[in-house]
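Report on the structure given below.
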Amino acid sequence: MKDMYLGIDIGSVSINVIAIDSKNEILFKSYCRNSGEPVEIVKEVLTDLQEKVKNRYNVKGVGVTGSGRQLIGYILGADVVKNEITAHATATIYYHPDVSTIFEIGGQDSKLIIVKDRIVTDFAMNTVCAAGTGSFLDHQAQRLGVKIEEFGELALTAERDVRIAGRCTVFAESDMISKQQYGFTKAEIIKGLSEALVRNYINNIVRGKKIKPVYVFQGGVAANVGIKAAFEKEIGSEVIIPEHFNVMGAIGIAIIARNYILKNETDTNFKGFAVTRDSFNTSTFTCSGCPNMCEVIKIQANGTTIAMTGDRCGKWSNSLKSSEDLLDTTTA
Amino acid sequence: MKITFPHMGSPLIYTKLFELLGHEVIVPPKPTQKTINLGVKYSPEFACFPLKVLLGTYLEAIEMGADTIVSSGGNGPCRAGYYGEVHQRLIRNMGLDIDFIIFDELKRDYKGFINKLKKLKGQHSWFDLYKIVKTAYKMAVSTDKVKKFIEHKRPYISDKKKLNKVKLAIEDQYREIKTEQDIVRVEEYAFKILKGLDIEEKTGAEKLKIGIVGEIYVVMESGINFNLAELLNDFGVEVEMSHYISEWIQENLIPFVSHEKEIMKKAEDYIETIIGGHAKQNVGHIVDYKERGFDGIVHLKPFGCLPELVTQSILDKISDDLDLPILSLSIDEQMATANVMTRIEAFIDMIKQKKYKRSSDHERHVFGY
């Protein structure tokens, strides 16, 4: 059997699973919507993956990234649990070693990553506002009755320019509605919106940082050719969309997991595909062992506690290793 | 008088000060989501975050029976200077009859300052007051020394549970202090047990140091800054903060003593005048941390804080000039923890890569993580 490494990106809007071989070649790729039950979705995708690779490949390492990384990491027995900025940068640098600027727009987050000599030197992420991310585009597509897949194409057919205020999604929406009432077409409105989002990105995320080519644009929103065109117009330079633009985080974390396993020459902690048949339950409680009052998260598989986390002193997270610590508490 | 005060960092010092003066002290609870909810509910929406959390803290303390609130004013154009007044009005408008004793800068109003002291000292002589304040100040210096030691060594102590127990034991000892001699004894005890822990210090490229700068309240109050110092420690990073309570006392309450002048001087290239809050000091600290070989800076800014907004706007330039990575975080009621963790982890990855790049075993580490 050959070796295989899994990379899983639990985003707020999508859940992506990638399997690579020991040469970083992609063996399996899955992109699906996060409907709010990440554990169930991951179980389904892994069942599908097992079916496809059957007995030809052996899982040697698992990496998890994205905002929901901790929980899935515990459940699967991940070897590496890392943030999506590092994961995204790793994948982009692997495919485009000469990259300088990475634009990444996902479901809820937009990021800018600046790279120099294959090392991340700076990054920025949207702070208190998610204007201009995938969720907002989704919502507008729905409102206009356009399929999200055709949203960007439509923007390219626009004949006139229309300026839409992009600072805040709520204002953008009301501006769009009023411009529609002036008689602008859907295509023109969508083009205006794409440009507004890019302007917003430049104002809020780039914020005067010096950026230079090679530019790479990735994340779910990179599927939108209208936004790509708006970016190119704004910065006056070509923007590359990588082949696997919507699963770069998963690829990156798979590569990191592979490197981690090979460098450290360790075995994987992966619990095996059998986890797809387990049922999981999470609960929380406040530990009153000391004035810190930590909120402790308890994860159970088929009724047995497999992980505890959130405690600052390690009383609970280490308790699974030595059960004696469980005795001196009364708060669970 | 049942006295309470803002919870900022460790409430130990104020508690001790008012106890020694013979007052009943209502120790305010550490800010939690409940505090924030209360504060946000009764504060003006566009007030900055510390005003809201402090109001929440006061309301919680009042619920616990406090009838007098002692706090400090601020100086310069920062709005914190009005907060005593604003809090007082907000609380009185809620129909609560609470006494406020707000200490503004001594040089601004000598007479008022003395009158407020008279109120607090009660039957004690001025000499007693001097002795008590000196004891509280010495205790602040001593606890900060312990705090700094922990912030430097915690990343290298693997047994966090034991460290937690040790910390609680040390706090208990400090709580019992009556005189200056007690402080010396407790400090010796603290360092003896802390140094008795298993500490495996890292060296070279493995050793990472981050300075935390920003608005004083959000820097000092771990309850609302996601325990940033400990969080960084847990990532294996040594930490130092730009604000410690003992230093604040030195600057603001002890006449003719200032260690900040030197720090402020280091900020001159970027920010000439004092624009309120600790904007100038923070920039000075960033330069100072660079000179002392730190690897990165985390800047904390309460949402709506004008001085720190100005600081944030010059951070990119400072970062470029000094070749020093700086992460700026905005703190507000709607902070998503997952989001903050992502930034902090990515920031640490970044400075690690940067550091390894300079060291000889660069290739081994670039993608090794």
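First the proteins, then the strands, lettered A, B, ... as listed; each starts at 1.
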Evaluate the side-chain proximity of B:F235 to B:P155: yes if any heavy-atom separation is below 4.5 Å, no if none is.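 Not in contact.
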Audit row: B:E151, B:K147, salt bridge (charged side-chain N to carboxylate O under 4.0 Å, His left out) steps and yes/no: CA-CA 6 Å; B:E151 283 160 4; B:K147 197 168 173 242; 3.7 Å; yes
Quick one: of A:I113, A:V80, A:T121, A:T65, who has the most non-hydrogen atom pairs under 4.5 Å with chain B?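 It is A:T121.
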Any luck finding a side-chain donor-acceptor pair between A:N24 and A:R258 under 3.5 Å?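 There is such a pair between these side chains.
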Please look at [X] and chain B and tell me whether the side chain, the backbone, both or neither of the residue comes under 4.5 angstrom of a heavy atom of that chain.
X: A:K210; answer: side chain
X: A:V81; answer: backbone
X: A:R69; answer: side chain

Non-hydrogen atoms of chain A under 4.5 Å away: do they reach the side chain of [X], the backbone, both or neither?
X: B:E345; value: both
X: B:D159; value: neither
X: B:L327; value: side chain

Quick test of your reading of the model: are [X] and [Y] salt-bridged, counting only N-O distances below 4.0 Å?
X: A:K111; Y: A:E104; value: yes
X: B:D320; Y: B:K317; value: no
X: B:K354; Y: B:D323; value: yes

